[in-house]
Participant: 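This is the structure, below, for whatever I ask next.
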Amino acid sequence: MRYKIPRGTYDILPQQSYKWQKLFADFRKLAAAYGYAEISTPMFEQAGLFERSSGESSDVVKKEMYRFTDQKGRVFALRPEGTAPVARAYVENRMDIGAAVKKLYYIGPMFRYDRPQAGRYRQFQQYGIELIGSDNPFYDAEVISILWFFLSGLGLKNLRLEINSVGCPNCSQAYDKALQEYFRPHFSDLCPDCQVRIEQNPRRLLDCKVPSCKEIASGAPVQLDYLDEDCRIQFAAVQKHLELMEIPFTINPRIVRGLDYYTHTAFEVVGGSLGAQNSLAGGGRYNGLLEQIGGKSTPAIGFAGGFERLLLALEEEGISLGDVPAPDAFAILIGEAARDAFTPYLNALRLKGIFVEFDPDKSSFKAQLKAADNRQARFALIFGEDELAANSVTLRDLQSGEQKNYSLENLDLLAEAIRG
RNA sequence: GUGGGUGUAGUUCAAUGGCAGAGCACCGGAUUGUGGUUCCGGGCGUUGGGGGUUCGAGUCCCCUCACCCACCCCA
């Protein structure tokens with residue numbers, strides 16, 4: 001019986017892992033510069049947390065959650081998204097005490113039982129930001145800007161930021177009503193899904209891909225026209241701040257985030273040529289969420305992005321994240337006596353932070369030199385009978401072919417030469 | 001969950017129902033202390049898995065698994 005990796009998952013092999021490390025590091029660095037600190041929550045939570053926060057009718061809860069029961073019958077779920085756990089941690093750890101605003105970021109795997117496709121996996125890595133404790137539109141723009149600068153900073157050109165406001169519960173109620181009034185006369189022309197949506201979640205009608213529905217929806221009232229005074233002011237302020245930051249955006253009134261907890265600002269960054277799964281990241285304001293899960297009413301905003309799609313987009317645009325690091329030097333040790341004698345120096349160099357490779361499985365000079373070339377080492381460190389007798393080592397530059405002897409008395413000189 | 005496509009060596013791909021092959025990569029060697037080029041040598045791989053038809057299946061049929069594309073949805 002050979003075991004196989006679960007569907008929709010993947011191994012990150014050594015040839016790839018440095019790319020992930022690079023992306024993680026870039027994101028952490030940027031987040032830190034904006035004053036955000038990392039938070040890490042469990043990969044599973046009480047299933048109810050997600051059911052309540054995302055909404056019972058959301059696809060995530062209806063069909064995509066990995067639910068399981070533990071030995072005592074408690075019902076848990078592998079986290080399908082990162083915001084609800086962070087909100088839970090905020091409430092549970094009384095993070096509302098002290099500084100008014102908490103700036104948090106996370107990196108970690110999420111899980112959704114969905115049919116895999118390019119850019120869509122059952123376990124996928126997300127990066128995300130959550131800012132809890134303020135509804136100042138300045139922060140909406142700040143959070144969006146972190147996402148924007150992260151992605152554009154990697155060199156991506158083919159990016160589009162789309163923003164919208166879904167308003168507060170007040171204006172979305174008015175809007176839903178307007179939508180229902182608009183669509184009801186067209187009822188018989190709508191697809192079966194939309195006929196249900198019209199009562200349950202009229203805003204989803206705007207998202208329908210069925211051509212006939214699309215055509216009807218094209219004339220539907222626009223949410224932005226139904227914003228109340230406060231929401232309008234808020235949305236205008238977000239735009240102003242984005243303009244001050246010189247971040248290009250377009251207003252897309254059709255952005256309807258999939259999870260129920262969003263209010264006011266909603267946004268999405270889409271990548272150019274990714275095929276159907278082209279959403280690189282999405283987020284928005286969720287002023288109602290914390291209260292919904294048992295905390296005080298607290299405004300918050302955040303986003304989440306997927307690393308897999310980011311990697312796809314980078315590849316698509318031909319952007320390299322660098323190469324697997326090559327050894328600084330490759331030790332070529334000829335004969336057992338030389339090999340034994342050089343072992344302490346091998347360690348000493350490594351402890352100085354120099355990347356020195358050695359292959360004990362190869363014995364002949366030629367094979368070892370070939371290996372050094374193969375690994376693209378900059379230098380070969382040759383140590384055989386002659387060097388053993390002279391208590392020195394031969395440093396060979398593998399590009400120029402130049403060779404020079406270095407005494408083993410003073411390893412610093414050698415180290416310096418290798419470092420260049 | 002629905003529809004379609006594809007699965008052969010590490011990889012990219014061949015093989016009218018008739019002996020499973022090639023390029024690249026990889027390993028070894030070309031008188032034993034000088035690599036990259038060149039030359040020589042090295043491949044029985046559960047043809048994704050299981051069943052069926054057939055004298056004979058990588059090839060035809062069924063099931064299954066995985067990936068890809070689209071839908072749904074989203075990261």
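Predicted, not measured: the structure shown is a model, and the values here were computed from it.
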Participant: Just wondering, are more than 12 heavy atoms of other shown residues or ligands nearer than 6.0 Å to CE in A:M245?
Facilitator: yes
Participant: Could you check whether A:F124 and the base of B:A75 form a stacked pair, meaning centres closer than 5.5 Å and planes differing by less than 30°?
Facilitator: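 Stacking between A:F124 and B:A75: present.
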Participant: With rounding to the closest Å, how many angstrom separate the C1' atoms on B:C44 and B:U53?
Facilitator: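 Nearest-Å result for B:C44 against B:U53 at atom C1': 27 Å.
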Participant: Which nucleotide, B:C74, B:G35, B:C69, lies nearest any side-chain atom of A:A118?
Facilitator: B:C69
Participant: Partner of B:U34 by Watson-Crick or G-U wobble geometry, both contacts under 3.5 Å, or none?
Facilitator: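 Across any shown strand, B:U34 pairs with none.
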Participant: Just how far, in rounded Å, is C1' of B:C67 from CG of A:D11?
Facilitator: 14 Å
Participant: Measuring only the P atom in each nucleotide, how far is B:G23 from B:U38? A whole number of Å is fine.
Facilitator: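 The answer is 14 Å between these two P atoms.
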Participant: Report the distance from atom CZ of A:F365 to atom CG of A:L333, rounding to the nearest 0.5 Å.
Facilitator: 10.5 Å
Participant: Between B:G33, B:G28, B:G3, which nucleotide gets closest to the side-chain atoms of A:E387?
Facilitator: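 Minimum distance to the A:E387 side chain belongs to B:G33.
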Participant: Specify the separation, in whole Å, of atom NZ of A:K370 and atom P of B:G33.
Facilitator: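 The distance from NZ of A:K370 to P of B:G33 comes to 15 Å, rounded to the nearest Å.
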Participant: Can you tell me how far C1' of B:U32 sits from CD of A:Q368, to the nearest Å?
Facilitator: 14 Å
Participant: Which whole-number value in Å describes the distance from A:E162 CD to B:A75 P?
Facilitator: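 It is 14 Å, rounded to the nearest whole Å.
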Participant: Tell me which nucleotide among B:G29, B:A75, B:U34 gets nearest to the side chain of A:R309.
Facilitator: B:A75
Participant: With rounding to whole Å, what would you report as the distance between B:C71 and B:G51 at their C1' atoms?
Facilitator: 32 Å
Participant: Would you classify A:A304 as touching base, sugar-phosphate or nothing, given that sugar-phosphate means primed atoms plus P, OP1 and OP2, and contacts are heavy atoms under 4.0 Å?
Facilitator: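 Sugar-phosphate, backbone atoms only, no base.
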Participant: Across all strands, who's sitting opposite B:C39 as a Watson-Crick or G-U wobble pair, both distances under 3.5 Å?
Facilitator: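 Per the H-bond distance test, B:G29.
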Participant: Using the C1' atom as the point on both nucleotides, what is the distance between B:U37 and B:A22, in whole Å?
Facilitator: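 My reading of the C1' atoms in B:A22 and B:U37 gives 23 Å.
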Participant: Restricting to side chain to side chain contact (heavy atoms under 4.5 Å, CB included), what partner residues turn up for A:L388, sequence neighbours left out?
Facilitator: A:A337, A:A341, A:F383
Participant: 5'-most contact on RNA chain B: A:G119 or A:P116, nearest heavy atom basis?
Facilitator: A:P116
Participant: Rounding to the closest angstrom, what is the interatomic distance between B:U2 and B:U16 at atom P?
Facilitator: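 Their P atoms lie roughly 35 Å apart.
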Participant: Just to be sure I understand the rule, does A:I5 reach a base, reach only the sugar-phosphate, or reach nothing, if contact means heavy atoms closer than 4.0 Å?
Facilitator: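 Contact class for A:I5: none.
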Participant: Measure the distance from CG on A:N405 to C1' on B:G33 and round it to the nearest whole Å.
Facilitator: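 Rounded to the whole Å, the gap is 13 Å.
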Participant: May I ask you to say what A:G401 touches in the nucleic acid, namely base, sugar-phosphate or nothing, with a heavy-atom cut-off under 4.0 Å?
Facilitator: base
Participant: Counting only Watson-Crick pairs (N1-N3 plus N6-O4 or O6-N4) and G-U wobbles (N1-O2, O6-N3), all under 3.5 Å, who is the partner of B:U53?
Facilitator: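 For B:U53, the partner nucleotide comes out as none, under the 3.5 Å rule.
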Participant: Are A:E409 and A:N391 close enough that a side-chain donor and a side-chain acceptor fall under 3.5 Å?
Facilitator: yes
Participant: What nucleotide among B:G1, B:G35, B:G33 has an atom nearest to a side-chain atom of A:L398?
Facilitator: B:G35
Participant: Once you apply a heavy-atom cut-off of 4.0 Å, does A:E385 come out as touching a base, just sugar-phosphate, or nothing?
Facilitator: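 If one applies the 4.0 Å heavy-atom cut-off, A:E385 turns out to touch a base.
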Participant: Can you measure A:L311 atom CG to B:A75 atom P for me and round it to whole angstrom units?
Facilitator: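 So the two atoms are 18 Å apart, to the nearest Å.
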Participant: A:Y121 and A:G8: which non-hydrogen atoms are nearest, and at how many Å?
Facilitator: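 Looks like CB-O, 3.2 Å.
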Participant: Checking base pairs now: Watson-Crick or wobble, both atom distances under 3.5 Å. What partners B:A66?
Facilitator: B:U6
Participant: Between A:F44 and A:F111, does the ring centroid distance fall short of 6.0 Å?
Facilitator: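 No: the rings miss the under 6.0 Å criterion.
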Participant: A:S279 has a side chain; which of B:G4, B:A75, B:C73 sits nearest to it?
Facilitator: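 Side chain of A:S279 sits closest to B:A75.
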Participant: B:C26 phosphate, OP1 or OP2: any side-chain N/O from A:N374 under 4.0 angstrom?
Facilitator: yes
Participant: Is the phosphate of B:C67, meaning OP1 or OP2, less than 4.0 Å from a side-chain N or O of A:R7?
Facilitator: yes
Participant: Taking the nucleotide of RNA chain B with the nearest heavy atom to each, does A:A367 or A:R120 sit closer to the 5' end?
Facilitator: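 Nearest-nucleotide comparison on RNA chain B picks A:A367.
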Participant: Whole angstroms only, please: what is the CZ-P distance between A:R122 and B:C68?
Facilitator: 12 Å
Participant: So what does A:G8 touch, heavy atoms closer than 4.0 Å: a base, only the sugar-phosphate, or nothing?
Facilitator: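 Sugar-phosphate contact only - A:G8 comes under 4.0 Å of backbone atoms but never of a base.
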Participant: Rounded to whole angstrom, note down the P distance from B:C60 over to B:G18.
Facilitator: 11 Å
Participant: Select one nucleotide: of B:G1, B:G33, B:A75, the one nearest the side-chain heavy atoms of A:Q126.
Facilitator: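 Comparing B:G1, B:G33, B:A75 against the side chain of A:Q126, the answer is B:A75.
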Participant: To the nearest 0.5 Å, how far apart are CG in A:N170 and CG in A:L227?
Facilitator: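 So the CG of A:N170 and the CG of A:L227 are separated by 11.5 Å.
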Participant: Between B:A75, B:U34, B:C73, which one does the side chain of A:Y121 approach most closely?
Facilitator: B:A75
Participant: Does a donor on one side chain sit under 3.5 Å from an acceptor on the other, for A:Y36 and A:E142?
Facilitator: yes
Participant: Consider only side-chain N and O atoms of A:Y113 and A:E64, and report whether a donor and an acceptor are under 3.5 Å apart.
Facilitator: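 There is no such pair (donor and acceptor under 3.5 Å, judged by atom type) between the side chains of A:Y113 and A:E64.
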Participant: Whether the side chain of A:R115 and the base of B:G3 hold a donor-acceptor pair under 3.5 Å is what I'd like checked.
Facilitator: yes
Participant: Give the rounded distance in Å between these two atoms: CZ of A:F365 and C1' of B:G33.
Facilitator: 5 Å
Participant: Considering only side-chain heavy atoms of A:R112, which listed nucleotide, B:G28, B:G29, B:C74, is closest?
Facilitator: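 The listed nucleotide nearest to A:R112's side chain is B:C74.
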Participant: Indicate whether OP1 or OP2 belonging to B:A70 is found under 4.0 Å from a side-chain N or O atom of A:Q117.
Facilitator: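 Affirmative; the distance criterion is met.
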Participant: Please give the distance between the C1' atoms of B:C19 and B:U59 as a whole number of Å.
Facilitator: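 One C1' to the other, the span is 16 Å.
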Participant: Which base sits across from B:G1 as a Watson-Crick or G-U pair, both distances under 3.5 Å?
Facilitator: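 Partner of B:G1: B:C71.
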Participant: Write down the distance separating the P atoms in B:G56 and B:C13, rounded off to the nearest Å.
Facilitator: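 Nearest-Å result for B:G56 against B:C13 at atom P: 33 Å.
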Participant: Give A:Q403 one of three labels, base, sugar-phosphate or nothing, depending on what nucleic acid heavy atoms sit under 4.0 Å from its own.
Facilitator: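 The answer is base, as A:Q403 lies within the cut-off (heavy atoms under 4.0 Å) of a base atom.
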Participant: Name the pairing partner of B:A22, where a pair is Watson-Crick or G-U wobble with both distances under 3.5 Å, or state none.
Facilitator: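 Base-paired to B:U12.
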